[in-house]
**Student:** 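Please see the structure below; I have some questions.
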Amino acid sequence: MPLAAHSHWTITFFAVALALLALAEGLMVAGIGYPATDLAAPESLAVVHLVVIGWLSLAMSGALLQFVPVLVSRPLAFAPLALPVLVSVVVGLATLVAGFSVLAGWTDWTLDLMPVAGLLITAGFTVLALMLAGTMGGAGFVQPFGRFVAVGLASLVAALASGTAFAAIFAGRAEWLAAAGLLPEGTRFHALLGLGGWLGLTAFGVGYRLFAMFLLSPDPPRRRMAAVLACGVIALLAAGAGLAALGAGLDPGDLVEAAAVGALALAALLHCGDVALLYRVRHRKGLEINMRASIGAVAALGIGAALLPPAVIFGASERLVAALVFLLVFGWLSGLTLAQLVKIVSFMTWLEAYGGQIGRRKVPQVGTLVAMPRTGIWLAFHFAGVAAGALALAFGAAAWFRLAILACLAGTAGLAVEFVRIRRLCEIEPSLRPPDDARPRILLPPRPPGRTDNAPLTAPRRIDGQP
């Protein structure tokens with residue numbers, strides 16, 4: 001596959017996302033945010049948005065910028081805008097966290113930071129949506145994967161709109177929305193659109209393709225994927241209706257939320273069944289580390305999806321609901337992302353370093369770029385911390401939760417080091433490494449191909465009509 005088909009800034013998206021995950025985990029270890037404070041406290045909201053926007057959304061964005069062009073066999077549309085998207089979202093997120101610091105009483109800056117942050121984040125992700133939609137075109141949306149991405153992007157737009165409205169309310173710029181009761185009741189629907197729609201359904205679609213490719217399995221039947229998508233659409237329509245009712249000054253009641261959560265949970269359970277089927281019918285018998293770790297992520301999705309609807313419907317304690325949401329966010333979304341980053345980063349690094357040498361000389365396999373046992377240990381740290389953290393939240397043990405997050409932070413830091421080692425080709429024997437000036441850069445896009453042995457093969461030029 002030609003390197004030109006990939007987004008040159010994908011690795012940078014991943015690096016920034018990992019740094020923001022480490023920052024969020026560090027804040028939780030320090031006792032900032034839930035459960036040390038109330039779930040709706042500004043400190044908690046700052047940590048939540050660092051995880052959801054800074055870590056998960058940026059990682060998902062980078063993956064889609066790299067993944068969508070390959071699947072539809074088309075170059076990335078508006079490719080030069082990838083870096084402005086990243087800058088806009090990161091600056092907007094920093095401004096949002098600064099606004100939450102004002103609400104928390106840590107600083108005395110103006111609350112007008114909040115709507116400015118909302119506009120910056122919205123602008124960045126809107127451009128991202130246009131890039132992905134332009135890349136897929138009409139044919140891309142016909143594919144099952146494209147439909148999941150389309151619904152995910154629609155959910156992202158709705159989540160951005162509601163989030164920007166919340167920011168205006170915090171700044172005192174939308175009194176009519178505040179009077180209608182959009183806050184705090186609307187936050188649950190906002191979370192459903194962001195976590196369940198944008199991140200959840202998009203992860204389902206990406207997961208179908210990645211699991212099938214990495215396991216060498218046939219795609220699930222289209223009717224099964226269509227059922228998952230239909231449940232997701234029903235859930236998101238319910239969440240959107242709940243937000244619209246609140247904006248109009250109406251009470252949507254608990255039934256709308258229960259329907260949205262139930263439909264999303266059913267979609268998740270159906271997806272888990274499809275993934276289990278992919279593992280059973282796979283042609284690749286030996287599992288690589290990313291696919292072994294993904295089993296834990298899918299298990300977290302199944303447990304959370306099975307238990308969250310009863311907890312919401314029957315009014316379980318806030319601690320139990322928070323524990324289940326934590327299991328879904330850190331066990332499934334974060335765990336799956338970290339596991340698949342191992343494969344994605346190693347493949348992209350291999351493509352940069354050796355793509356132009358295929359057929360010229362011996363090149364290493366993609367898997368040899370990864371220190372498998374050590375990488376598995378760091379992933380185990382993450383999943384052990386998630387399991388312990390979910391139990392600590394369920395039992396209200398704040399001190400134990402901080403220790404559990406410390407294990408997650410250790411896993412994140414260890415994986416970050418492994419990714420740097422992958423980019424530097426540290427596991428490759430010296431005789432097979434390209435020269436230093438031709439090796440992949442850690443954070444920056446690949447160098448333009450020059451007249452080196454590492455340059456991609458091209459057709460012979462003709463000069464004056466002669467070959």
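Remember, predicted model here, so these are calculated numbers, not experimental data.
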**Student:** Okay, side chain of Arg402, backbone of Val29: is any donor-acceptor separation there less than 3.5 Å?
**Tutor:**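 Yes, the answer is positive, given that a donor and an acceptor are paired below the 3.5 Å cut-off.
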
**Student:** If you apply the rule side-chain contact (heavy atoms from CB on, under 4.5 Å), what do you find for Phe401 with Met28, and how did you get there?
**Tutor:** CA-CA 9 Å; Phe401 176 76; Met28 287 187 279; 4.2 Å; yes

**Student:** To the nearest 0.5 angstrom, please state how far the CG atom of Leu64 sits from the CE atom of Met136.
**Tutor:**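 Result: 8.0 Å between the selected atoms.
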
**Student:** Atom OG1 in Thr95, atom CG in Leu93: separation rounded to 0.5 Å?
**Tutor:**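 Result: 8.5 Å between the selected atoms.
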
**Student:** Check Gly152 against Thr202 and note the closest heavy-atom contact, atom names and distance.
**Tutor:**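 Looks like CA-OG1, 3.5 Å.
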
**Student:** Can you give each donor-acceptor pair under 3.5 Å made by side-chain atoms of residues 43-53, sequence neighbours left out, with the distance rounded to 0.1 Å?
**Tutor:**
from  : atom 1 : to    : atom 2 : distance (Å)
Ser44 : OG     : Tyr34 : N      : 2.9
Ser44 : OG     : Thr37 : OG1    : 3.1
Ser44 : OG     : Asp38 : O      : 2.7
His49 : ND1    : Leu45 : O      : 2.7

**Student:** Spell out, as yes or no, whether a donor-acceptor pair under 3.5 Å connects the side chain of Thr135 to the backbone of Leu76.
**Tutor:**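 Side chain of Thr135 to backbone of Leu76, a donor-acceptor pair under 3.5 Å: no, none is there.
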
**Student:** Enter the distance from Phe419:CZ to Leu338:CG here, rounded to the nearest 0.5 Å.
**Tutor:**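 So the CZ of Phe419 and the CG of Leu338 are separated by 6.5 Å.
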
**Student:** Where do Tyr208 and Phe148 land on the ring-ring contact (aromatic ring centres under 6.0 Å, His included) test, with the steps shown first?
**Tutor:** CA-CA 10 Å; Tyr208 278 126; Phe148 277 95; 5.7 Å; yes

**Student:** What closest approach, in Å, do Pro184 and Thr187 show between heavy atoms, and which atom pair accounts for it?
**Tutor:**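 Nearest pair, atom of Pro184 first, then Thr187: O-OG1, 2.6 Å.
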
**Student:** Using every non-hydrogen atom in the two residues, find where Ala17 and Ala59 come nearest and quote the distance to one decimal.
**Tutor:**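 Looking at all heavy atoms of both residues, the closest pair is CB-N, 3.8 Å.
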
**Student:** Could you list the donor-acceptor pairs under 3.5 angstrom formed by side chains in residues 309-331, with sequence neighbours left out?
**Tutor:**
from   : atom 1 : to     : atom 2 : distance (Å)
Ser317 : OG     : Leu320 : N      : 3.4

**Student:** Evaluate the side-chain proximity of Trp198 to Ser57: yes if any heavy-atom separation is below 4.5 Å, no if none is.
**Tutor:**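 Yes - at least one pair of side-chain heavy atoms lies under 4.5 Å apart.
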
**Student:** In the structure I gave you, are the side-chain heavy atoms of Val116 and Leu120 within less than 4.5 Å of one another anywhere?
**Tutor:**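 Side-chain contact under 4.5 Å: yes.
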
**Student:** Please report the closest heavy-atom contact between Leu192 and Ala239, naming both atoms and the distance.
**Tutor:**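 Heavy-atom minimum between the residues: CB-CB, 4.1 Å.
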
**Student:** Could you check whether Glu352 pairs with Arg423 (Lys NZ or Arg NE/NH1/NH2 to Asp/Glu carboxylate O, under 4.0 Å)?
**Tutor:**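 Salt bridge flag = yes for Arg423 with Glu352.
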
**Student:** Evaluate side-chain contact (heavy atoms from CB on, under 4.5 Å) for Leu409 paired with Leu21, printing each intermediate quantity in order.
**Tutor:** CA-CA 8 Å; Leu409 178 58; Leu21 171 61; over 6 Å; no

**Student:** Taking the six-membered ring for Trp, are Phe204 and Trp332 closer than 6.0 Å centroid to centroid?
**Tutor:**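 Close enough - the centres of the two rings lie under 6.0 Å apart.
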
**Student:** May I ask you to decide if Ala98's main-chain N or O and Ser101's side chain share a donor-acceptor pair within less than 3.5 Å?
**Tutor:**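 Present.
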
**Student:** Just do the side-chain contact (heavy atoms from CB on, under 4.5 Å) check on Glu257 and Val261 with the steps written out, would you?
**Tutor:** CA-CA 6 Å; Glu257 180 188 11; Val261 173; 4.2 Å; yes

**Student:** Given 3.5 Å as the limit, does a donor-acceptor pair link the side chain of Thr10 with the main chain of Gly62, or not?
**Tutor:**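 Yes.
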
**Student:** Ala82 and Trp9: which non-hydrogen atoms are nearest, and at how many Å?
**Tutor:**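 Answer, listing the atom of Ala82 first, then Trp9: CB-CD1, 4.1 Å.
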
**Student:** Is Phe67 close to Leu210 at the side-chain level, that is, under 4.5 Å between some pair of heavy atoms?
**Tutor:**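 Side chain of Leu210 against side chain of Phe67, heavy atoms only: contact under 4.5 Å found.
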
**Student:** Given side chains that start at C-beta, do those of Gln66 and Phe13 come closer than 4.5 Å, heavy atoms only?
**Tutor:**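 Side chain of Gln66 against side chain of Phe13, heavy atoms only: no contact under 4.5 Å found.
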
**Student:** Report yes if some heavy atom in the side chain of Trp106 is under 4.5 Å from a heavy atom in the side chain of Pro42; otherwise report no.
**Tutor:**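 Of all side-chain heavy-atom pairs linking Pro42 with Trp106, none is under 4.5 Å.
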
**Student:** Just do the side-chain contact (heavy atoms from CB on, under 4.5 Å) check on Leu369 and Glu427 with the steps written out, would you?
**Tutor:** CA-CA 5 Å; Leu369 274 67; Glu427 304 303 320; 5.7 Å; no

**Student:** With distance as the sole test, does Ser346 use its side chain to make a donor-acceptor pair with the main-chain N or O of Lys343 at under 3.5 Å?
**Tutor:**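 Side chain of Ser346 to backbone of Lys343, a donor-acceptor pair under 3.5 Å: yes, one is there.
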
**Student:** Can you measure from CG (Leu58) to OG1 (Thr337) and round to the nearest 0.5 angstrom?
**Tutor:**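 These two atoms lie 11.5 Å from each other.
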
**Student:** If you count the non-hydrogen atoms of other residues, nucleotides and ligands that lie under 6.0 Å from OH in Tyr279, is the total more than 12?
**Tutor:**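 Counting neighbours around OH of Tyr279, more than 12 heavy atoms of other residues, nucleotides or ligands fall under 6.0 Å, so yes.
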
**Student:** So Trp55 and Leu18, do their side chains get closer than 4.5 Å, heavy atoms only?
**Tutor:**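 When only atoms from C-beta onward are counted, Trp55 and Leu18 do touch, with a gap below 4.5 Å.
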
**Student:** Counting neighbours of CZ on Arg173 that are heavy atoms of other residues, nucleotides or ligands and sit closer than 6.0 Å, is the number greater than 12?
**Tutor:**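 No, the 6.0 Å shell around CZ holds no more than 12 heavy atoms from other groups.
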
**Student:** Does any part of the side chain of Phe395, heavy atoms only, come nearer than 4.5 Å to the side chain of Trp400, both counted from C-beta?
**Tutor:**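 Trp400 vs Phe395: side chains apart.
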
**Student:** Do Val233 and Arg147 make a side-chain contact, defined as non-hydrogen atoms from C-beta onward lying under 4.5 Å apart?
**Tutor:**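 The answer is no, as the side chains (C-beta and beyond) never meet within the 4.5 Å cut-off.
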
**Student:** Over all heavy atoms of both residues, which pair between Ala305 and Ala265 is shortest? Give the atoms and the distance, please.
**Tutor:**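 The answer is O-CB, 3.3 Å.
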
**Student:** Rounded to the nearest 0.5 Å, how far does CZ of Arg424 lie from OG1 of Thr349?
**Tutor:**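 Between atom OG1 of Thr349 and atom CZ of Arg424 there are 10.5 Å.
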
**Student:** Under 3.5 Å, side chain of Ser88 to main-chain N/O of Pro84, donor-acceptor pair present?
**Tutor:**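 No: the side chain of Ser88 does not pair with the backbone of Pro84.
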
**Student:** What is the distance from atom CG of Leu266 to atom NE2 of His271, rounded to the nearest 0.5 Å?
**Tutor:**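 Spacing of CG (Leu266) from NE2 (His271) equals 13.5 Å.
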
**Student:** Looking at Leu287, is its backbone amide N or carbonyl O close enough to the side chain of Arg292 to form a donor-acceptor pair, meaning the two atoms are under 3.5 Å apart?
**Tutor:**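 At least one qualifying donor-acceptor pair exists.
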
**Student:** Sub-3.5 Å donor-acceptor pair from the side chain of Ser162 to the main-chain atoms of Ala159, do we have one?
**Tutor:**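 Present.
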
